[in-house]
Amino acid sequence: MKDDRINYISAVFGGKHLVICSTAHGICHIEMLPLSTDIAAYLSKLHGNAMPAVDPSLRDILSRILFYLKTGDDTGLSAIKLDVCGTQFQRNVWSEIMKIKRGQVISYGELARRIGNPTAARAVAGACASNPVPFIIPCHRVIRGNGQTGGYGLGPLMKRRLLKLEGAIR
DNA sequence: ATAACACCAAGAA
DNA sequence: TTCTTGGTGTTAT
């Protein structure tokens, strides 16, 4: 991917900065950062040279994601334009995750089967872990085969919180 | 090459 | 029930 200029918008949610980054082509990155983080400086270091700027045109997307985080209603999330880069395997996993509806869960092993790579459960977990856009690509809906919720980049507590919000779990 | 993983199934206690 | 153990595929070093 090119070092396209990155813009961002942020809001405070759950004691952290919810940060949404975009290129000219779509959302490329969502992250939760400690309140002490200098967001622009952090993103600059992460994405290369140019200093990112706040982009007010991301306001609608931000509020839609916040609405989802508060209510569990994910209407319109899957229609958000993305600009993510990944290996072919990761893209296969991510696009399969997009098919999981709100309130549903599947196991890493089942997802592996669905992409035609039935012994790759652990690799599927790796692809979930490298999902750059949590919530939009709902990797929190992929759980362990034994019913435990499993790991999550934003913390297992957040994963359970989302699944409860969606009514997928008690 | 190899080590690190958000896993899994089976088996022991 | 919890725990080990051996088996996996992909990715980054």
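Below, chain A is the first sequence line, B the second, and so on; all start at residue 1. These values consider heavy atoms only, across backbone and side chains, with no hydrogens, waters or symmetry-generated copies.
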Quick note, Lys159(A) side chain, CB onward, closest among dT11(C), dC7(B), dA6(B) is dA6(B)

For DNA chain C, consecutive-pair runs of 3 or more (Watson-Crick or G-U wobble, both H-bond-type distances under 3.5 Å) give B:1-5 with C:9-13, B:7-13 with C:1-7

If the plane angle is over 60° it's perpendicular, under 30° parallel, otherwise tilted; pick one for Tyr68(A) and His140(A). tilted

Margin query: Under a 3.5 Å cutoff, is there a donor and acceptor pairing between the side chains of Gln88(A) and Asn92(A)?
Written below: yes

Rounded to whole Å, CZ of Arg113(A) lies from C1' of dT8(C) at a distance of 14 Å

CD1 of Ile143(A) to CD of Glu110(A), rounded to nearest 0.5 Å, is 11.5 Å

Between CZ of Arg161(A) and C1' of dA6(B) the distance, given in whole Å, is 19 Å

With the side chain defined as heavy atoms from C-beta on, Ala121(A) is closest, among dT11(C), dC8(B), dT8(C), to dC8(B)

| message | Tell me whether Met32(A) shares a hydrophobic cluster with Val54(A), the cluster being built from Ile, Leu, Val, Met, Phe, Trp, Tyr side chains joined at under 4.5 Å. | response | no

Gln88(A) atom CD is separated from dT10(C) atom C1', nearest whole Å, by 13 Å

**Item:** Sugar-phosphate only, base, or nothing, as touched by Gly145(A) at under 4.0 Å among non-hydrogen atoms
**Value:** sugar-phosphate

Considering only heavy side-chain atoms of Phe89(A), the closest of dT10(C), dA6(B), dT8(C) is dT10(C)

Note: Leu165(A) and Leu69(A) closest approach over all heavy atoms is CD2-O, 3.0 Å

Whole-Å distance, Tyr152(A) OH to dC7(B) P, equals 15 Å

**OP:** Would you mind classifying the nucleic acid contact of Asn146(A) as base, sugar-phosphate or nothing, using non-hydrogen atoms under 4.0 angstrom?
**Re:** nothing

Sidechain-backbone polar pair: Trp94(A) side chain, Cys139(A) backbone, donor-acceptor under 3.5 Å: no

| message | Taking only side-chain N and O atoms of Asn117(A), does any of them lie within less than 4.0 angstrom of OP1 or OP2 on dT10(C)? | response | yes

Note: Ile115(A) and Phe89(A) closest approach over all heavy atoms is CD1-CE1, 3.9 Å

Separation of dA9(B) atom P from Arg144(A) atom CZ, nearest Å, is 10 Å

Per atom distances to the Arg122(A) side chain, the nearest of dA6(B), dG7(C), dT10(C) is dG7(C)

Taken to the nearest whole Å, CZ/Arg91(A) to P/dT11(C) is 12 Å

### Task
With heavy atoms under 4.0 Å as the rule, sort Ala123(A) into base, sugar-phosphate or nothing.
base

Rounded to whole Å, the NE2-P distance (His140(A) to dA6(B)) equals 18 Å

Gln148(A) atom CD is separated from dT2(C) atom P, nearest whole Å, by 8 Å

Touch check for Ser107(A), heavy atoms < 4.0 angstrom, all strands: base, sugar-phosphate only, or nothing?
sugar-phosphate

